[in-house]
Amino acid sequence: MKLLHIDASILGHNSVSRQLSTTIVERMRSVHPALQVRYIDLAREPLDHLTAAHLAARGGTPDATTVSADLRRDRQVLEDFLAADIIVIGAPMYNFSIPSQLKAWIDRIAVAGETFRYTENGAEGLAGAKKVIVASTRGGYYGGQSPAVRLDHQEQYLRALFGFLGITDLTFVRAEGLNIGPEQRAAGIAAATAQAAQLSA
Ligand SMILES: Cc1cc2nc3c(=O)[nH]c(=O)nc-3n(C[C@H](O)[C@H](O)[C@H](O)COP(=O)(O)O)c2cc1C
């Protein structure tokens, strides 16, 4: 069984989503002892924005003048996603959405003919057999009855995106209220860590 572990926070050792995604991966290791883990740090090694050159290369007509290391990495990023049975993503909220580093990764894995396709009945996801666990962090509160729920373009976007790819086994391990104050931060981390420890196979 293969697990793909993605981090995107720019806050390094102070990052809660990194701490949580690591806890989740350790939990998955404990329930799947033979797990093979592949790690990608999108803050340390960011992907470029998707360009016309990437699309041309994917279409089999690469422009030799624009071939770059990033273009060569494009296929590998998709292969890593396709090969994974479980995907664990550290996904902080930035400006009500996700870090642009994570969006750049999504632009590499949402590929027509690979992870979804258009049929006469509409779009069809092709990645349905995967399990996705998101370590979601945010400074404020956006869940449940919060009036800010409409501003959540982080979890709602990820839910829409992975649903589009056909993935129904999607879990959010959420730590929120992290920037309200020390007590709320500690409570948010404790609740999410407890949730991570309960994750099943
Ligand atoms: C660039 C940036 C933008 C942020 N935007 C928001 C936001 O829109 N809403 C929010 O509640 N918190 C926001 N935060 C706070 C983060 O969500 C919070 O610090 C969280 O812990 C970040 O995850 P991390 O600890 O893994 O880096 C922002 C933080 C940064 C660095």
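Everything numeric here is computed off the predicted structure, so don't read it as measured data. Whatever order the structure lists them in is the order used to number ligands and atoms, beginning at 1.
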Problem set entry | Pair Arg18 + Asp41: basic N to acidic O under 4.0 Å | yes

Problem set entry | Sorted by chain and number, the residues that approach ligand 1 to under 4.0 Å with a heavy atom | Ser9, Leu11, Ser15, Val16, Ser17, Pro92, Met93, Tyr94, Asn95, Phe96, Thr137, Arg138, Gly139, Gly140, Tyr142, Leu178, Asn179

For this session: Share the residues that join Leu151 in a hydrophobic cluster, the rule being Ile, Leu, Val, Met, Phe, Trp or Tyr side chains under 4.5 Å apart at the heavy-atom level.
Result: Met93, Phe96, Tyr142

Exercise. Who are the side chain to side chain donor-acceptor pair (under 3.5 Å) partners of Arg73, not counting sequence neighbours?
Worked result: none

Seminar exercise, completed: residues 11-48 vs ring pair (Phe, Tyr, Trp, His ring centres under 6.0 Å), sequence neighbours excluded, gives His5-Tyr39

Exercise. Taking side chain as C-beta onward, heavy atoms only, is Leu82 less than 4.5 Å from Glu114?
Worked result: yes

For this session: Find out whether the Lys NZ or Arg CZ of Lys103 is both under 6.0 angstrom from the six-membered ring centre of Tyr94 and within 45° of the ring's axis.
Result: no

